[in-house]
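To start, the structure under review is shown below, and the notes come after it.
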Amino acid sequence: MKPGLPTAMERPHFIGIGGAGMSGIAKILAQRGAHVAGSDSRGDSETCEALRAHGATVHGGHAADNLAADSTCVVVSSAIRADNPELARAAELGIPVVHRSDALAALMDGLRPIAVAGTHGKTTTTSMLAVSLSALGLDPSYAIGGDLDAPGSNAHHGEGDIFVAEADESDRTFHKYTPQVAIILNAELDHHANYASIDEIYESFETFVGKVVPGGTLVVAHGQEGAAEIARRVAGKEGLTVVTYGEEEGADVRITKITPRGLTSEVTVILDGRMLTFTVSVPGRHYAHNAVAALAAGVALGIPAHNLASALGKYTGVKRRLQLKGEAAGVQVIDSYAHHPTEMTADLEAIRGAAGDSRILVVFQPHLFSRTQELGKEMGESLALADASLVLDIYPAREDPIPGVTSELIIAAARAAGADVTAEHDKAVVADAIAGMAKPGDLVLTMGAGDVTDLGPAILARLSS
């Protein structure tokens, strides 16, 4: 058995093992020698198949009998409901229940963790670090909230001493981590079921910073209001080095130029008084900022800046982050995970910058009733950046409906902002609808955190026919 496997996790059972965060932890445990098992409502997914390839036992659907009596723990996320039959069976058998965040924290023990936090950009920045550190031969361990390329590529157990992890603020579980380097990309009000105000968000991020080990580093965006507020709150904290980055005067790592080059960007920074220029192989200003945050974090761990800058060019994107799904009939289909107005605006601006005179057609699926209730107006205003949009029904995920909260809140706001928006309640007709709208040279963007991503192949197939 490889070092670093907690005894309590020798035979873990994951409820919802196919989820983005859960599958990564399960994969690392399997690579460390654990006998991994679990269940998922989509037991035939590519992610579950990838876990089976690592020796995991994965059951399709949830049932009490899925849980083996000799399991040493049951791992859950905040999305698992209290009435789950496997959770009830664990209680009957007296098997300890471990939250996903505690399992991830245990895997980081004894290593040099970089924890990437922020309302937006976590997956991209974590991926950039994982790819660039790997390219330098450092073989880091990492756990990312999305696949780099193939299914199951969201995590890896490396032989190096660095662990890069996406730190999720949505349920405050990022308070469990004790990183050597923490990154805060931004801080905005989101996850309305768990945070009642922006001040609660700030307090939560402040607690996260308080977990940085003595002598550690906080890398924080200089020009983003929420991140800057957190930096002010922790200024002067003993044993903490704060490194700021951004385009504004006064940033420790100052971005002096971002030059769009089609679907890539060239970024110039001044770091420790020296100018450094490197390529980011994804479009958009916000991705350039993510790359600079990754650069600053790596430097904080003692990695030479010029080596890391060159290695960052090896990053070519992550699934669902402006991922090109294909081209048919002269129309490119791109997939975006954006579901918060800030993310939507950033991705649409990035695509607009790369599209030139081409039209942008969006298929948007709102994610969560609570988010739509609070931010529906801003989502609609973001869609005004597209030439035309189809807006689907709200993807509920873990939430129950809220009376009066529908996609119409977004559609009304979009139309008020001058957007060309159509409601579409049946996903089965989207491919036909887009094929009827699209012309050669257009870009189609499927956008949202739900199952809207599944529409890309169907749209391409319909365009081809």
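Excluded from the calculations below are hydrogen atoms, water molecules and symmetry mates; all remaining heavy atoms, backbone and side chain alike, are included. Starting from 1, each residue takes its place in the sequence as its number.
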Check: Asp420 side chain, Ala388 main-chain N or O, donor-acceptor pair, under 3.5 Å: no
Starting at OG of Ser382, measure out to CE of Met344 and round the result to the nearest 0.5 Å. 4.5 Å
Listed once per pair and sorted, the ring pair (Phe, Tyr, Trp, His ring centres under 6.0 Å) pairs that draw on residues 405-433, sequence neighbours left out: none
Ring geometry between Phe174 and Phe205 (parallel below 30°, tilted from 30 to 60°, perpendicular above 60°): perpendicular
Will you find, in the side chains of Asp335 and Thr446, an N or O donor that is under 3.5 Å from an N or O acceptor? yes
Taking side chain as C-beta onward, heavy atoms only, is Leu383 less than 4.5 Å from Met379? no
Side chains of Asp199 and Ser197: donor-acceptor distance under 3.5 Å anywhere? no
Could you check if a side-chain atom of Arg462 sits within less than 4.5 angstrom of a side-chain atom of Leu460, using non-hydrogen atoms only? no
Atom CG of residue position Asp65 - does it have more than 12 heavy atoms of other residues, nucleotides or ligands inside 6.0 Å? no
Does the side chain of Phe163 come within less than 4.5 Å of Pro179's, by heavy atoms? no
Are any side-chain N or O atoms of Thr345 and backbone N or O atoms of Thr342, one a donor and one an acceptor, separated by less than 3.5 Å? no
Please determine whether side chain to side chain contact (heavy atoms under 4.5 Å, CB included) holds for the pair Glu247 and His222, giving the CA-CA distance in whole Å, both sets of side-chain angles, and the decisive distance to 0.1 Å. CA-CA 8 Å; Glu247 297 180 58; His222 186 63; over 6 Å; no
Quick one, Arg371 and His339 - any side-chain contact, counting heavy atoms below 4.5 Å? yes
Could you go step by step and tell me if Val362 and Leu348 meet the side chain to side chain contact (heavy atoms under 4.5 Å, CB included) rule? CA-CA 9 Å; Val362 174; Leu348 283 167; 3.7 Å; yes
Side-chain (Gln224) to main-chain (Ala187) donor-acceptor, under 3.5 angstrom: yes
Are any side-chain N or O atoms of Arg254 and backbone N or O atoms of Tyr245, one a donor and one an acceptor, separated by less than 3.5 Å? no
Indicate yes or no for a side-chain donor-acceptor contact from Asn194 to the backbone of Ser170 under 3.5 Å, with no hydrogens or angles considered. yes
Are there over 12 heavy-atom neighbours, none belonging to Arg42, within less than 6.0 Å of that residue's CZ? no
Is any side-chain heavy atom of Glu399 closer than 4.5 Å to a side-chain heavy atom of Ser370? yes
So, the side chain of Arg52 versus the backbone of Val58: is there a donor-acceptor pair under 3.5 Å, distance only? yes
Please report the closest heavy-atom contact between Pro366 and Asp393, naming both atoms and the distance. CD-O, 3.8 Å
Can you confirm whether more than 12 heavy atoms, excluding those of Glu225, are under 6.0 Å from its CD atom? no
Minimum heavy-atom distance between Ala293 and Val219, given as atom pair plus value: O-CG1, 4.0 Å
Do you see a donor-acceptor pair shorter than 3.5 Å between the side chains of His175 and Ser204? yes
Step by step, would you call Arg100 with Asp171 a salt bridge (Lys or Arg N to Asp or Glu O under 4.0 Å)? CA-CA 11 Å; Arg100 176 186 65 82; Asp171 54 3; 5.0 Å; no
Using only heavy-atom distances, determine whether the side chains of His99 and Ser78 contain a donor-acceptor pair under 3.5 Å. yes
Is any side-chain heavy atom of Gln323 closer than 4.5 Å to one of Ile334? no
Counting distance only, does the side-chain N/O of Ser134 pair as donor-acceptor with the main-chain N or O of Ala130 below 3.5 Å? yes
Distance, nearest 0.5 Å, that separates CG of Leu185 from OG1 of Thr126: 8.0 Å
Distance-only, no hydrogens or angles: does the Ser77 side chain make a donor-acceptor pair with backbone N or O of Ala79 under 3.5 Å? yes
Counting C-beta onward and ignoring hydrogens, is there a side-chain heavy-atom pair between Thr268 and Phe278 closer than 4.5 Å? no
Under 4.0 Å between a side-chain nitrogen and a carboxylate oxygen: does that hold for Glu169 and Lys122? yes
Do Asp347 and Tyr287 pair up side chain to side chain, a donor and an acceptor below 3.5 Å, judged on atom types alone? yes
Quick one: which of Thr125, Thr124, Thr123 gives a side-chain hydrogen bond (donor to acceptor under 3.5 Å, both in side chains) with Glu166? Thr123
Report yes or no: do Asn154 and Ser23 form a side-chain donor-acceptor pair below 3.5 Å? yes
Between Asp442 and Ile360, is a side chain to side chain contact (heavy atoms under 4.5 Å, CB included) present by the stated rule, with each step listed? CA-CA 6 Å; Asp442 287 349; Ile360 299 173; over 6 Å; no
Short N-O contact, Asp387 and Arg352, less than 4.0 angstrom: yes
Looking at every heavy atom in both Gln373 and Leu409, which two are closest together, and how far apart are they? CA-CD1, 4.5 Å
Working note: Asp400 + Arg81, criterion salt bridge (Lys or Arg N to Asp or Glu O under 4.0 Å); need CA distance, chi angles, decisive distance, verdict. CA-CA 12 Å; Asp400 295 321; Arg81 294 178 179 264; 3.6 Å; yes
Is it true that a side-chain atom of Gln31 and a backbone atom of His157 form a donor plus acceptor pair closer than 3.5 Å? yes
What distance separates Ile303 CD1 from Leu308 CG, expressed to the nearest 0.5 Å? 5.5 Å
Check the side chains of Asn66 and Glu86 for a donor-acceptor pair under 3.5 angstrom, ignoring hydrogens and angles. yes
Roughly how far apart are Phe14 CZ and Met22 CE, rounded to 0.5 Å? 6.0 Å
Would you say the ring centers of His340 and His120 fall short of 6.0 Å from each other? yes
Nearest non-hydrogen partners of Ala435 and Leu463, listed with the distance: CA-CD2, 3.9 Å
Checking Val452 against Met447 for the side chain to side chain contact (heavy atoms under 4.5 Å, CB included) test, could you report, in this order, the C-alpha distance in whole Å, the side-chain angles of both residues, the deciding distance, and whether it holds? CA-CA 7 Å; Val452 66; Met447 177 177 281; 5.9 Å; no
d(Glu374 CD, Asp190 CG) to nearest 0.5 Å is 10.0 Å
For the atom pair CG (Asp139) and CG (Leu133), what is the distance rounded to the nearest 0.5 Å? 10.5 Å
Side-chain heavy-atom pair Leu29, Leu107 within 4.5 angstrom cut-off: yes
Is the ring centre of Phe208 less than 6.0 Å from the ring centre of Tyr177? no
Main chain of Ala135, side chain of Lys314: is a donor-acceptor contact present, judged purely on distance under 3.5 Å? no
Heavy-atom closest pair (Thr244 atom, Ala251 atom, distance to 0.1 Å) is OG1-CA, 3.5 Å
Looking only at non-hydrogen atoms, find the nearest pair between Leu368 and Pro396 and report the distance. CD2-O, 3.4 Å
